[in-house]
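Structure first, then comments.
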Amino acid sequence: MKITKITAALLLGATVLTGTVACSKSNDSSTPTTSQKSTVSSSKETSTKESSSSTHSEPKQTAQIKVTQQEAIDKFNNQFKDKQIKSIDLSLEGKQYVYEIEGFDSNNDYSVDINAETGAVSHVHSEKLDRDDRNQKALDLSGVISRDEANRIAQEHAKGTSEEWKLERDDTSGKTYWEVKVKNGHQETEIKIDAHSKAVVSTEHDD
């Protein structure tokens, strides 16, 4: 009888001990250690910082060109009617693109600046022709390739992004050319394109 009670007591003690160990293991697997808590906290912190950095990054400023070349020419003609056009320049001034159109007649030179985004005329100027300029000829705008076409050709010959364009006549050859400035980092390349044949006439690099 005593042996039976002792045996029962031993069995009960073993059962309690087994349950305690099992409970202990269960608690260990569900509760992160101090090291694990630190890792999780650090991971969340990094994720939050990256998210914050991404949210507050400033978008790059991009200048808009909404006024077409023909619309810019029309604005020039509104200021100076029936004048010959000598050159059309589209370039950045600060963060905005501006058309500068130059023209002439037998007595004077004329120039008009037009905001390429808003169409606002910001500068109108005329002055007497120099003696050397009295034999200048007007641009031949019939059949010239568009700025977009000149842009595509330029970027095929120079790595980077086209940023400035000028359409003018060469007094020596009598031909009309596009001059396109392509920028790649700190390097600038000027591509001169025959505005009628599309041929690339010259390529100049400026580091």
Side-chain angles (χ1 to χ4, degrees), residues 63-151 153-155 157-158 160-183 186-207:
Q64 298 294 319
I65 302 173
K66 296 180 180 179
V67 176
T68 66
Q69 181 170 289
Q70 186 55 54
E71 288 171 338
I73 290 172
D74 291 343
K75 288 179 180 294
F76 173 86
N77 289 332
N78 287 339
Q79 297 292 328
F80 300 113
K81 192 174 180 180
D82 298 328
K83 307 304 178 188
Q84 303 280 1
I85 292 178
K86 180 167 59 176
S87 66
I88 302 170
D89 188 4
L90 178 58
S91 58
L92 269 172
E93 291 189 9
K95 293 181 179 179
Q96 291 185 314
Y97 273 102
V98 174
Y99 284 99
E100 181 183 3
I101 300 182
E102 295 184 342
F104 64 95
D105 60 16
S106 57
N107 298 309
N108 298 309
D109 270 327
Y110 305 93
S111 67
V112 176
D113 288 357
I114 302 145
N115 186 301
E117 182 176 5
T118 66
V121 174
S122 58
H123 177 75
V124 178
H125 179 72
S126 66
E127 62 182 23
K128 286 289 184 181
L129 275 176
D130 290 335
R131 187 177 296 275
D132 295 339
D133 292 332
R134 293 189 183 278
N135 295 321
Q136 62 187 335
K137 300 289 179 67
L139 277 177
D140 179 10
L141 293 174
S142 61
V144 299
I145 61 175
S146 67
R147 180 172 56 83
D148 286 343
E149 180 73 1
N151 199 48
I153 295 170
Q155 290 185 166
H157 285 76
T161 304
S162 301
E163 289 197 346
E164 296 185 358
W165 306 264
K166 187 171 186 177
L167 186 63
E168 63 180 355
R169 183 181 184 277
D170 187 293
D171 291 332
T172 303
S173 66
K175 293 183 177 181
T176 300
Y177 296 100
W178 274 107
E179 289 183 358
V180 183
K181 186 178 290 184
V182 179
K183 192 167 184 180
H186 294 294
Q187 185 182 64
E188 290 183 350
T189 304
E190 188 171 276
I191 313 291
K192 190 173 183 179
I193 304 165
D194 187 310
H196 288 93
S197 72
K198 305 181 185 180
V200 174
V201 177
S202 66
T203 301
E204 294 182 7
H205 299 285
D206 182 16
D207 295 329

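One-based numbering along the sequence shown.
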Give every donor-acceptor pair under 3.5 Å between a side-chain atom in residues 122-130 and any protein atom, sequence neighbours left out.
residue, atom, partner, partner atom, Å
H125, NE2, E127, OE1, 3.2

- [ ] Applying side chain to side chain donor-acceptor pair (under 3.5 Å), name anything that partners K192, two or more places apart in sequence or on another chain.
- [x] none

Open item on the list: My understanding is that only residues two or more places apart in sequence, or in another chain, count here; which of them pass salt bridge (Lys or Arg N to Asp or Glu O under 4.0 Å) with D74?
Closed with: none

- [ ] Hey, could you give me the CD/CD distance between E204 and E190, rounded to the nearest 0.5 Å?
- [x] 6.0 Å

Task: Separation between CG of D171 and CD of Q136, rounded to the nearest 0.5 Å - done: 7.5 Å

Open item on the list: Under the ring-ring contact (aromatic ring centres under 6.0 Å, His included) definition, can you give me all pairs with a residue in residues 99-120, not counting sequence neighbours?
Closed with: F80-Y110

TODO: For K198, check salt bridge (Lys or Arg N to Asp or Glu O under 4.0 Å) against everything at least two apart and list the hits.
DONE: E149

TODO: Using the salt bridge (charged side-chain N to carboxylate O under 4.0 Å, His left out) rule, collect all pairs that involve residues 85-94, keeping only residues at least two apart or in two chains.
DONE: K86-D109

Task: Shortest non-hydrogen contact between E102 and S111, atoms and distance - done: CG-CB, 4.1 Å

Open item on the list: Checking D148 against S146: is there a side-chain donor and acceptor pair closer than 3.5 Å?
Closed with: no

TODO: Give the minimum heavy-atom separation between D140 and S142, together with the two atoms involved.
DONE: OD1-OG, 2.7 Å

TODO: Indicate the atoms forming the closest heavy-atom contact of L139 with L167, along with that distance.
DONE: CD1-O, 3.7 Å

Task: Approximate separation, where rounding is to 0.5 Å, of Q64 CD and K95 NZ - done: 13.5 Å

Open item on the list: Could you tell me if the side chain of I153 sits less than 4.5 Å from the side chain of I145, heavy atoms only?
Closed with: yes

Open item on the list: Can you confirm whether the side chains of H157 and T203 place a donor and an acceptor under 3.5 Å from each other?
Closed with: no

TODO: Grab the two heavy atoms, one from Y97 and one from E163, that are nearest each other, plus how far apart they are.
DONE: OH-O, 2.7 Å

Open item on the list: Contact between I73 and I88 at the side-chain level, heavy atoms closer than 4.5 Å - yes or no?
Closed with: yes

Open item on the list: If the condition is salt bridge (Lys or Arg N to Asp or Glu O under 4.0 Å), which residues does E168 pass it with, not counting sequence neighbours?
Closed with: K166

Open item on the list: Just verifying a value: how many Å separate I101 CD1 and Q79 CD, rounded to the nearest 0.5 Å?
Closed with: 11.0 Å

- [ ] Report yes if the side chains of H196 and T176 come closer than 4.5 Å at any heavy-atom pair, otherwise no.
- [x] yes

Open item on the list: Applying side chain to side chain donor-acceptor pair (under 3.5 Å), can you list everything that pairs with E71, at least two apart in sequence or on another chain?
Closed with: T68

Task: Euclidean distance, E100 CD relative to D113 CG, rounded to 0.5 Å - done: 5.0 Å

Task: Flag side-chain contact, heavy atom, 4.5 Å: I65 against L90 - done: yes

Task: Between N115 and Q96, a side-chain donor and acceptor under 3.5 Å - done: yes

Open item on the list: Nearest 0.5 Å, please: how far is CG in N77 from CD in Q70?
Closed with: 8.0 Å

TODO: Report the residues that fulfil side chain to side chain donor-acceptor pair (under 3.5 Å) with R147, sequence neighbours left out, ordered by chain and then residue number.
DONE: none

Task: side chain to side chain donor-acceptor pair (under 3.5 Å) partners of N151, counting only residues at least two apart - done: S162, W165

Open item on the list: Before you tell me yes or no, could you show the steps for I191 and V200 under side chain to side chain contact (heavy atoms under 4.5 Å, CB included), namely the whole-Å CA-CA distance, both residues' side-chain angles and the distance that decides it to 0.1 Å?
Closed with: CA-CA 7 Å; I191 313 291; V200 174; 3.9 Å; yes

Open item on the list: Just to verify, what does K175 make a salt bridge (Lys or Arg N to Asp or Glu O under 4.0 Å) with, not counting sequence neighbours?
Closed with: D194

- [ ] Search all heavy atoms of S91 against all heavy atoms of E164 and return the closest pair with its distance.
- [x] CB-CD, 3.5 Å

- [ ] Evaluate side chain to side chain contact (heavy atoms under 4.5 Å, CB included) for V112 paired with V121, printing each intermediate quantity in order.
- [x] CA-CA 7 Å; V112 176; V121 174; 3.8 Å; yes

Open item on the list: Quick check: do I193 and V201 have side-chain heavy atoms less than 4.5 Å from each other?
Closed with: no

Task: Distance-minimising heavy-atom pair for R169 and G174 - done: NH2-CA, 3.5 Å

